[in-house]
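Let me begin by presenting the structure, written as C-alpha cells, before commenting on it.
Residue numbers start at 1 and run along the sequence shown.
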Amino acid sequence: MILVGGFSLHVNAPSPYDVLGTAFAVAAILTLSIICFLKQRVFHGAIGLLVIPIAIYGAARIGKPRSPWARRFYGERRPHKQAKAEQRFRPDRRTELLKEHVRDAIGGVTGEEYEARLTQRDSGTDTAPRQH
C-alpha cells in the first residue's frame with residue numbers, strides 16, 4: 001500500500017499520446033525494478049519504484065552471484081562476470097557482517113551457532129579463573 005500510495009496514476013489526457021507516454025514510463029520503471037529484484041538488489045528495486053534514478057543505478061550494477069540474473073547471464077557464459085560478482089559480494093565484507101549482526105539481534109542466532117558459543121564459553125571458563 002505504501003508503494004502504490006507513493007504516486008498516483010491519474011491520467012487526464014487530452015490526447016492518446018499522453019496516455020501512451022504514461023504507459024511507457026510506468027512500463028520502464030517496472031522493468032528496471034524487476035531487473036533489480038532479479039539481481040537480488042531488493043532495496044534498489046523497492047526504492048526505485050518511487051525514485052527512478054535508484055532503479056537505473058540498481059539495474060546497471062552487477063547482480064549477486066546466486067541471483068536468478070547471475071544464473072541466467074553469468075556463470076559459464078561470462079565467467080569473468082561471475083568472478084566479479086563473487087568478489088563483490090563475498091561473505092566477509094563489512095556490509096554482510098553488519099547485516100548478520102542485525103539479523104542476530106532481531107531474530108537470535110541459529111541453534112548450531114548458539115551451541116558453538118556455549119561450548120566456547122564453557123571451555124573458556126575451565127581454563128580461566130572467574131573474577132567477581
My understanding is that only residues two or more places apart in sequence, or in another chain, count here; which of them pass salt bridge (Lys or Arg N to Asp or Glu O under 4.0 Å) with Glu113?
Arg117

Go through the steps for Arg77 and Arg72 under the test side-chain contact (heavy atoms from CB on, under 4.5 Å), then give the verdict.
CA-CA 9 Å; Arg77 289 184 175 183; Arg72 174 75 170 99; 2.6 Å; yes

Under the salt bridge (Lys or Arg N to Asp or Glu O under 4.0 Å) rule, collect the residues that match up with Arg103, sequence neighbours excluded.
Glu100

Rounded distance (nearest 0.5 Å) linking atom CH2 of Trp69 with atom CZ of Arg41
12.5 Å

For Tyr114, all residues meeting ring-ring contact (aromatic ring centres under 6.0 Å, His included), sequence neighbours excluded:
none

Contacts of Arg94 that satisfy side-chain contact (heavy atoms from CB on, under 4.5 Å) - sequence neighbours left out
none

For Lys84, does the NZ atom have more than 12 heavy-atom neighbours from other residues, nucleotides or ligands under 6.0 Å away?
no

Less than 4.5 Å apart, any side-chain heavy atom of Lys39 and any of His44?
no

Name every donor-acceptor pair, under 3.5 Å, that has one atom in a side chain of residues 31-38 and the other anywhere in the protein, sequence neighbours excluded.
unit_1	atom_1	unit_2	atom_2	d
Thr31	OG1	Ala27	O	2.7
Ser33	OG	Ile29	O	3.2
Ser33	OG	Gly45	O	3.3

When rounded to the nearest 0.5 angstrom, what distance separates CD in Gln82 from NE2 in His80?
11.0 Å

Measuring from Lys81:NZ to Tyr74:OH, what's the distance to the nearest 0.5 Å?
5.0 Å

Check residues 49-67 and write down every donor-acceptor pair under 3.5 Å in which the side-chain atom is one partner and the other belongs to a residue at least two apart or another chain.
unit_1	atom_1	unit_2	atom_2	d
Ser67	OG	Lys64	O	2.8
Ser67	OG	Ala70	N	3.1

